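Here's the structure we're looking at; comments come further down.
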Amino acid sequence: MFSSPFSGKREIAKQPHEHNRVEKYRRYWLYYAAPEGDPYSTHNEIPSLKDFKDVPEYASGVFNYVPFVVNVDLNLLLGEDSSQMLSGPDSMATEKLHEFAEQAEFDRSLYNALFSALVCGDAYVKVVPVEDGAGVRFVSLDAASVFPRLDPHDHNRVREVLVDYRYRDEANRLRRHSELWMDDEVLVMRDGEKVEELSGDNPLGTIPIVHFACQPLPGSYFGRPSYIDVLADIDRLNSSAGAMFEVYKYYGSPKLILRGVMADNVELDPNVRQFWQLPSTDSDVSFLEWRNVTGMMDELMKLDFVVRRKLPEFILENVNDTLYPSSGYAVSLQLSLLDSKLRTLSAGFRRSAAELLELGQVVAGLDPIKAKIRLGAGREGLIQSLQTVFKLRDEGVITRSEAREKLREEGVLD
């Protein structure tokens, strides 16, 4: 077992790589929610892009695909009807699962977990027994406050979990709360002091925290945001846009160029102030010309188009704009990429959701029922509707306007 970080009264020491991970989480939230930033921040100061290394000042100011990608993925994973999400071995078991999930607000917790995982790559949910002993609560933790200690020989095996965060009490004082969870023991500290009544043997026999990882790499415990493939492109595009803004600012205030005369010898006509008085016919005054600005904007828009093509979620935006003038084959190819991505996300999230539901039943003192979690119901209906309509359009059975009307009836278009 790892040595406890609670020995004596020393501060809890986090490893350098853990600080780097926390910085990434804060940065990811800025891409989704700028300028508000990290929703879990308890300090009075809102994080600024300047606070993070290697993040351009214009990181989410102009070209930002993150909210669209996250919202599309989340909506297609969860769908509109959550009643079909859970099922048990038989109808009676399914009914019990639904009763427990409703009491514990499982739907809301799953939504928050998937939301956080899609934005920052990781999400953590803690199972907490209610005070009267009748049921449990699912508490969404800030991913930046959770520090899993992994087996050095198997990074998918968690040895212990440290939860460490600051909060403000009723008197608005900044306090610190820390928990170290192991399978057989739990240690709790507040403001550096051990809380004896909450520390001791772990009666659950397991760590009551479930991890949701978004598309982790093989051999890695931690996940990655659903938009990770275009994160570097977002930075490059907005850095270029920021440079262009500087050009706009420079030219926005008219710059005069004087030829054949010193500035001291030129003055505005006092009677007709729109004209300049020049001392001789050999002198001249003109405005500084804008050059290559249109070309710069064209290049940026081309890059923007290339980035959008990397994101299968933008097939939906194209459909909504112009019913996607490409062939049905091109649409099907893009839809297959979206379907593949959502299947990958769903596979990982289903395991974590089932683990959370089973752990909740154990903590509540119930005999756990194995649940089958179904994610992506919204994806299946949407993709099938799009493929059917585009096939009919390509075969000439319906016109483009009729295709648009059919997609409206299916609820794909507004």
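Fair warning: this is a prediction, and the values are worked out from it, not measured in the lab. Numbering of residues begins at 1 and proceeds along the displayed sequence.
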Quiz item: CG/Leu311 to CG/Leu338 distance, rounded to the nearest 0.5 angstrom?
Solution: 10.5 Å

Quiz item: Given side chains that start at C-beta, do those of Phe106 and Phe138 come closer than 4.5 Å, heavy atoms only?
Solution: yes

Self-check item: Worked verdict on Val127 versus Arg137 for side-chain contact (heavy atoms from CB on, under 4.5 Å)
Solution: CA-CA 6 Å; Val127 182; Arg137 291 186 299 115; over 6 Å; no

Practice problem: Write down the atom of Val210, the atom of Ser352, and the distance for their closest heavy-atom approach. | Solution: CG1-O, 3.5 Å

Quiz item: Which heavy atom of Ala117 sits nearest a heavy atom of Cys214, and at what distance?
Solution: O-CB, 3.3 Å

Quiz item: Are any of the side-chain heavy atoms of Val125 and His211 separated by less than 4.5 Å?
Solution: no

Quiz item: Is there a donor-acceptor contact under 3.5 Å from the side chain of Asp90 to the main chain of Thr94?
Solution: no

Exercise. Answer whether the closest heavy-atom distance between the side chains of Val66 and Ile234 falls below 4.5 Å.
Key: yes

Quiz item: Are any non-hydrogen side-chain atoms of Phe147 and Val161 less than 4.5 angstrom apart?
Solution: no

Self-check item: Interatomic spacing from CG in Leu375 to CG in Leu76 - rounded to 0.5 Å
Solution: 12.0 Å

Practice problem: List the steps, then state whether side-chain contact (heavy atoms from CB on, under 4.5 Å) holds for Phe212 with Leu356. | Solution: CA-CA 10 Å; Phe212 288 75; Leu356 178 63; 4.2 Å; yes

Quiz item: Do other residues, nucleotides or ligands put more than 12 heavy atoms under 6.0 Å from the CG atom of Asp201?
Solution: no

Quiz prompt | Partners passing ring pair (Phe, Tyr, Trp, His ring centres under 6.0 Å) against His177 (at least two apart in sequence or in another chain) | solution = Tyr165

Practice problem: Measure from the side-chain N and O atoms of Ser145 to the backbone N and O of Val163, and report whether any donor-acceptor pair falls under 3.5 Å. | Solution: no

Quiz prompt | Gly135 versus Gln103, closest heavy-atom pair with distance | solution = CA-NE2, 3.7 Å

Quiz item: With distance as the sole test, does Asp122 use its side chain to make a donor-acceptor pair with the main-chain N or O of Gly223 at under 3.5 Å?
Solution: yes

Side-chain donor-acceptor contacts of residues 357-366 below 3.5 Å, not counting sequence neighbours, with atom names and distances?
{"unit_1": "Glu358", "atom_1": "OE1", "unit_2": "Lys370", "atom_2": "NZ", "d": "3.2"}
{"unit_1": "Gln361", "atom_1": "OE1", "unit_2": "Ile369", "atom_2": "N", "d": "3.0"}
{"unit_1": "Gln361", "atom_1": "NE2", "unit_2": "Leu357", "atom_2": "O", "d": "3.3"}
{"unit_1": "Gln361", "atom_1": "NE2", "unit_2": "Ile369", "atom_2": "O", "d": "3.3"}

Self-check item: Minimal non-hydrogen separation, Arg21 against Val146, with atom names
Solution: NH2-O, 3.0 Å

Quiz prompt | Intermediate values then yes/no, side-chain contact (heavy atoms from CB on, under 4.5 Å), Val158 and Arg149 | solution = CA-CA 6 Å; Val158 179; Arg149 312 301 193 197; over 6 Å; no

Self-check item: Salt-bridge contact Arg108-Glu105 (side-chain N to carboxylate O under 4.0 Å)
Solution: yes

Practice problem: Find out whether Arg27 and Leu231 are in side-chain contact, i.e. whether some heavy atom of one side chain is under 4.5 Å from a heavy atom of the other. | Solution: yes

Quiz item: Under 3.5 Å, side chain of Ser116 to main-chain N/O of Ala123, donor-acceptor pair present?
Solution: no

Quiz prompt | Asp151 side chain to His153 backbone, donor-acceptor under 3.5 Å | solution = yes

Practice problem: Considering only NZ, NE, NH1 and NH2 on the basic side and carboxylate oxygens on the acidic side, decide whether Lys126 and Glu179 come within less than 4.0 Å. | Solution: yes

Quiz item: Taking atom CG of Leu198 and atom CG of Leu187, what is their separation to the nearest 0.5 Å?
Solution: 11.0 Å

Quiz item: Are a donor atom and an acceptor atom from the side chains of Tyr221 and Asp154 found within less than 3.5 Å of each other?
Solution: no

Quiz prompt | Non-hydrogen atoms of Arg224 and Gln215 that approach each other most closely | solution = NE-O, 3.0 Å

Quiz prompt | Distance, nearest 0.5 Å, that separates CG of Leu237 from CE of Met301 | solution = 9.5 Å

Practice problem: Check whether more than 12 heavy atoms from other residues, nucleotides or ligands sit under 6.0 Å from atom CG of Asp169, and answer yes or no. | Solution: yes

Practice problem: Could you check if a side-chain atom of Trp29 sits within less than 4.5 angstrom of a side-chain atom of Cys120, using non-hydrogen atoms only? | Solution: yes

Quiz item: Under 3.5 Å, side chain of Asn64 to main-chain N/O of Tyr31, donor-acceptor pair present?
Solution: yes

Quiz item: What are the two closest heavy atoms between Lys341 and Asp73, and how far apart are they?
Solution: NZ-OD2, 3.4 Å

Exercise. Working to the nearest 0.5 Å, report the span between CE of Met85 and CZ of Arg374.
Key: 10.0 Å

Self-check item: Basic-acidic side-chain contact under 4.0 Å: Asp191, Arg175
Solution: yes

Quiz item: Going from CG on Leu337 to CD on Glu313, what distance comes out if it is rounded to the nearest 0.5 angstrom?
Solution: 10.0 Å

Quiz prompt | From CA spacing to verdict: side-chain contact (heavy atoms from CB on, under 4.5 Å), Val186, Ser199 | solution = CA-CA 5 Å; Val186 58; Ser199 302; 5.6 Å; no

Quiz item: If you measure only the distance, is there a donor-acceptor pair under 3.5 Å linking the side chains of Asp164 and Ser178?
Solution: yes

Self-check item: Matching residue for Tyr32 among Leu118, Asn71, Val69 - test: side-chain contact (heavy atoms from CB on, under 4.5 Å)
Solution: Asn71

Quiz item: If we only count heavy atoms from C-beta on, is the Pro152 to Arg159 side-chain gap below 4.5 Å?
Solution: yes

Quiz item: Does the side chain of Tyr227 reach to within under 4.5 Å of the side chain of Tyr65, using non-hydrogen atoms?
Solution: no

